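Computed from a predicted model, the values in this text were never measured in an experiment. The figures that follow rest on heavy atoms only: side chains count, while hydrogens, waters and symmetry mates do not. Residue numbers begin at 1 in each chain, while the letters A, B, ... track the order of the sequences.
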Amino acid sequence: MSINMAEFHQVFFEESHEHLESMEQLLLALDLDSPDPEELNTIFRAAHSIKGGSGIFGFTALTSVTHVMENLLDKTRKGNFELNSSVIDLLLRTVDTLSHILNLYREEEPIDWQEVEFSKNQLVAALNGESFSTASASSGAAVVASQGDVESAVTSKTAVETPPESNTDEGFGFFKDDVELALATESDGYGFFDEAYIAKEITVDDLHPKGSESAVTKADAELSDDELGFGFFESLTPEAEDTPLVDDISQSAAEASVKANGNDDQPTATTNTTSTTRTTAPKTQTAEVEANKTDGVKVVTATTTKTDVPVKTPAAAKKAAPPSSDSTLRVETSKIDSLVNLAGELVITQSMLTLIGNELGGEVGERLKTALNELERNTREMQEAVMSVRMLPVSFVFNRFHRLVRDLSDQLGKNVNLVIEGGNTEIDKGMIEKLVDPLTHLVRNSLDHGIEKPEKRIAAGKPEMGTLSLKASQRGGSIVIAVHDDGGGLNRDRILQKARENGMAISDNLPDKQVWQLIFAAGFSTAAEVTDVSGRGVGMDVVRKNIEALGGRIDIDSVTGQGATFEIQLPLTLAIVDGMSVSTGNQIYILPLVHIIESIQPQRDQLKFLANEQLIKVREEYLPLLNLHELMEIDSHAQTPEEGIVVLLESNNKRFGLCVDGLVGQQQVVIKSLEKHYRRIPGVSGATIMGDGSVALILDVESLALHVNN
Amino acid sequence: MDSRTNTASKQEYSVHDEVEFLSFVLGEEHYALDIMSVKEIRGYEPVTKIANAPSFIKGVLNLRGDIVPIVDLRMKFGVGSATYNEFTIVIMLNVYERIVGIVVDAVSDVIKLTTEEILPPPEFGVAFDSRYLKGLATVEDKMIILVNIQALISSDELGLIDASNHSDQE
């Protein structure tokens with residue numbers, strides 16, 4: 001039991017995390033003057049789902065906060081609570097608190113109850129502050145109250161601590177009591193559920209405000225059932241009053257189930273609830289009528305339904321629509337990885353077959369070749385399809401910057417508008433996670449040092465509001481992500497000055513592009529004085545390192561007074577690298593293309609020695625020269641560098657030449673881990689399997705560069 | 001008491017104290033290792049050489065997508081002749097979720113031994129360090145050296161596993 005629960009926990013954490021993220025996005029995007037009811041509903045549902053889930057697992061800290069949050073949101077979406085920017089701020093802070101609590105639960109660390117209480121009290125205060133002014137008892141609020149009660153029965157603790165609905169308006173108490181009463185009387189009528197559905201027993205408990213303790217461990221499906229019970233009850237009442245037609249009732253009940261579904265995002269539960277509704281509807285009718293006779297609740301609940309359902313149903317339908325058109329599946333990454341691997345294997349096997357097929361002549365050979373061509377197309381398509389499973393839209397990273405930009409520009413007293421383009425460009429999931437840090441750095445830098453203060457911008461004749469844009473696009477075999485700001489741009493003189501202070505030998509007429517690259521040097525990272533002017537010194541070396549670790553590169557473009565652009569180029573996926581295969585002796589090695597500047601056939605007079613270290617002179621520059629066959633301890637066919645080829649490489653701003661026997665060709669290679677079955681090899685970052693099934697090592701240019709200093 | 005069984009007709013399950021071993025030849029000596037660590041037996045294929053590795057680590061090869069190191073035990077222990085032809089045998093082992101291939105002179109048989117049949121090893125006399133020995137057994141008048149292959153493969157001596165990440169070693 002406990003093991004099973006732990007599995008569910010993981011899913012809950014992930015889902016809640018997604019809910020929190022979407023809540024944050026929506027809150028940030030919310031138009032305060034005329035909030036989109038659709039968006040408010042989505043925010044509400046997100047809070048509600050977290051509350052429901054946390055209730056099931058007994059994460060009371062989450063339940064209690066989301067409960068109050070939900071009340072506030074529900075009033076908002078019913079139009080009974082005015083949103084303003086301070087409420088949005090509060091809600092955003094609450095989202096932060098929730099994600100913090102979520103992490104604490106995830107890490108199984110003690111919960112900061114003080115934080116929970118504080119967050120709750122703030123929400124209650126906000127709720128109270130506004131609710132008195134809009135106290136005119138609305139039918140919608142009654143539903144909140146009744147829902148609130150049933151759910152607070154799930155987490156009885158919350159109900160005791162924060163019963164905001166009972167003290168917010170007079171009408172509440174009235175409605176609440178009545179609804180409760182109706183429910184209580186009704187529970188008799190619900191008894192027949194027991195016969196039809198054993199599971200219904202739980203629902204009865206849920207609906208019954210007194211059945212509090214046992215309700216904690218209910219599954220999601222039952223939660224939506226309990227919602228259903230409500231929709232059911234509400235929607236039935238008016239019809240029961242007029243001419244109770246069985247068809248009508250079951251239809252409205254079905255409608256209610258749609259609503260319940262929308263609230264819980266549990267597609268599997270829908271079929272259940274719907275069928276339940278259908279079978280039970282005719283019988284309930286009598287129970288309803290009876291219940292209605294007992295007191296005056298019917299009128300109230302009737303109006304409730306009418307205002308409630310139209311708002312909710314389209315929302316639910318709309319929300320349900322996208323998932324049904326491209327429904328998703330939660331799968332472990334390891335399973336996907338093994339699929340990707342297998343597809344890679346298939347490609348290799350296929351190319352082995354092609355090699356063998358080419359040796360075959362005659363009629364059979366021709367037929368085999370046709371079949372092999374077919375196989376080739378199929379395997380390629382399959383590999384692409386499998387690869388695309390790992391892909392996620394880059395908006396997963398981009399969207400979190402709305403918050404960062406909002407908070408940071410407030411803090412810095414700047415006016416910044418964030419523009420996002422190409423958010424649906426897809427990128428490898430593994431890369432997405434590793435992109436967050438470098439991008440955050442770049443965005444922060446652009447905000448902090450790039451975009452000027454409003455007064456300065458006006459003085460410069462620019463619009464008061466700065467623009468920061470995040471753009472993603474696919475360019476050939478790579479993804480390009482650009483961070484652009486329309487700020488002051490980089491200060492060439494300052495950077496050059498700083499470089500010289502750091503002891504770099506820099507000529508005055510260095511091209512701009514190379515000057516900008518200087519800020520990636522480690523020495524610039526902590527330099528506060530560059531930061532003050534316009535340089536973007538903070539941790540840029542780390543940014544570059546992270547990008548390079550992903551097999552990518554970063555370029556800067558800057559125009560003084562007009563802004564700067566940081567352009568990151570990344571490979572489509574982490575599993576594949578663009579490589580140049582080179583031969584030395586009878587071995588093939590792969591050099592990642594990003595590090596290669598050019599390849600030259602050295603002339604004798606280009607080769608020099610400096611204290612036994614070989615150097616190569618390329619265009620007025622002496623570069624150290626390494627021999628691949630010496631590094632890899634194998635025999636080379638070329639006895640001297642001029643018999644072979646020198647590949648000029650660059651890593652971490654260090655340039656050097658690498659002597660190889662010859663270039664074999666450029667190709668994309670699938671990266672395989674060496675450490676899985678063996679150990680790390682110095683100078684080698686991984687291995688790949690060539691078309692003939694042999695293994696080629698992928699060279700680690702960064703660690704080769706270290707040899708240069710030794 | 002013939003405990004030998006043919007591979008084809010071998011019994012499905014060994015009785016509680018009976019263990020199956022795969023026997024192989026290194027030079028003049030007969031060795032055996034726990035058959036549960038054997039993944040497969042295959043012929044020798046050209047490998048990709050690795051820099052800075054000891055000579056007995058021949059290199060790595062592609063085993064259906066896994067990059068697997070190949071160790072020549074004959075070279076490691078200085079027995080037999082390190083020749084490579086179509087008869088050279090590689091035993092692929094599964095040790096601590098890793099795959100490692102070992103090159104031996106020949107694979108001979110699958111044998112079943114009960115714990116009583118396994119005798120304690122002497123301190124000397126075989127190419128293997130006694131740390132990697134399980135014991136000795138006699139089968140058809142031949143002495144068989146039982147190797148603790150897990151301990152051997154994960155040993156620092158072979159250097160197949162980074163010292164930093166083989167804490168799961170026995």
Side-chain angles (χ1 to χ4, degrees), chain A residues 337-349 351-352 575 583-590 626-636 669-700 703-704 707, chain B residues 37-40 42-72 84 90-103 149-150 152-169:
Chain A
D337 283 348
S338 78
L339 255 186
V340 172
N341 269 340
L342 283 173
E345 280 330 292
L346 200 60
V347 172
I348 291 159
T349 319
S351 58
M352 284 159 105
S583 68
T584 290
N586 49 8
Q587 301 262 330
I588 302 279
Y589 293 92
I590 310 287
L626 297 176
N627 269 314
L628 185 58
H629 70 92
E630 277 171 22
L631 291 168
M632 292 294 134
E633 298 176 332
I634 47 173
D635 295 326
S636 154
V669 298
V670 180
I671 302 174
K672 300 265 177 184
S673 154
L674 267 171
E675 283 100 315
K676 194 174 166 203
H677 302 292
Y678 187 51
R679 56 188 297 168
R680 246 195 99 70
I681 305 172
V684 170
S685 62
T688 189
I689 296 164
M690 305 298 281
D692 61 357
S694 65
V695 176
L697 300 178
I698 302 168
L699 295 172
D700 178 4
S703 77
L704 290 183
H707 278 269
Chain B
S37 359
V38 177
K39 186 179 165 70
E40 63 188 83
R42 40 195 291 147
Y44 186 81
E45 289 164 47
V47 295
T48 299
K49 286 189 184 60
I50 282 171
N52 306 311
S55 62
F56 56 84
I57 292 180
K58 299 305 296 174
V60 289
L61 63 74
N62 161 30
L63 183 72
R64 291 185 297 280
D66 279 310
I67 311 284
V68 171
I70 302 295
V71 182
D72 195 327
Y84 300 95
V90 178
I91 306 174
M92 289 292 174
L93 300 169
N94 243 327
V95 176
Y96 297 123
E97 291 176 9
R98 283 160 177 264
I99 305 171
V100 174
I102 54 170
V103 185
I149 198 70
Q150 304 217 334
L152 176 67
I153 293 299
S154 57
S155 66
D156 291 340
E157 200 181 332
L158 281 200
L160 286 172
I161 302 175
D162 270 333
S164 53
N165 61 15
H166 70 125
S167 49
D168 51 354
Q169 196 188 322

Is Glu97(B) close to chain A through its backbone or its side chain, or both, or neither, when contacts mean heavy atoms under 4.5 Å? backbone
N-O pairing of Glu40(B) and Arg64(B) below 4.0 Å: yes
Turns out that what part of Thr349(A) lies under 4.5 Å from chain B's heavy atoms comes down to neither
Taking every heavy-atom pair that is under 4.5 Å apart, which of Asn62(B), Leu61(B), Val68(B) has the most such pairs with chain A? Asn62(B)
Give, as side chain, backbone, both or neither, the part of Val60(B) having an atom under 4.5 angstrom from any heavy atom of chain A. both
So, do Leu628(A) and Tyr589(A) sit near enough that their side-chain heavy atoms are less than 4.5 Å apart? yes
I'd like to know if Lys39(B) pairs up with Asp66(B) as an ion pair, taking the criterion as any Lys NZ or Arg NE/NH1/NH2 lying under 4.0 Å from an Asp or Glu carboxylate oxygen. no
Would a 4.5 Å heavy-atom cut-off, applied to side chains only, mark Leu63(B) and Met92(B) as touching? yes
Is it the backbone or the side chain of Ile588(A) that comes under 4.5 Å from a heavy atom of chain B, or both, or neither? neither
What distance do Ile67(B) atom CD1 and Leu697(A) atom CG have between them, rounded to the nearest 0.5 Å? 8.0 Å
For Val47(B), which atoms come within 4.5 Å of any heavy atom of chain A: side chain, backbone, both, or neither? backbone
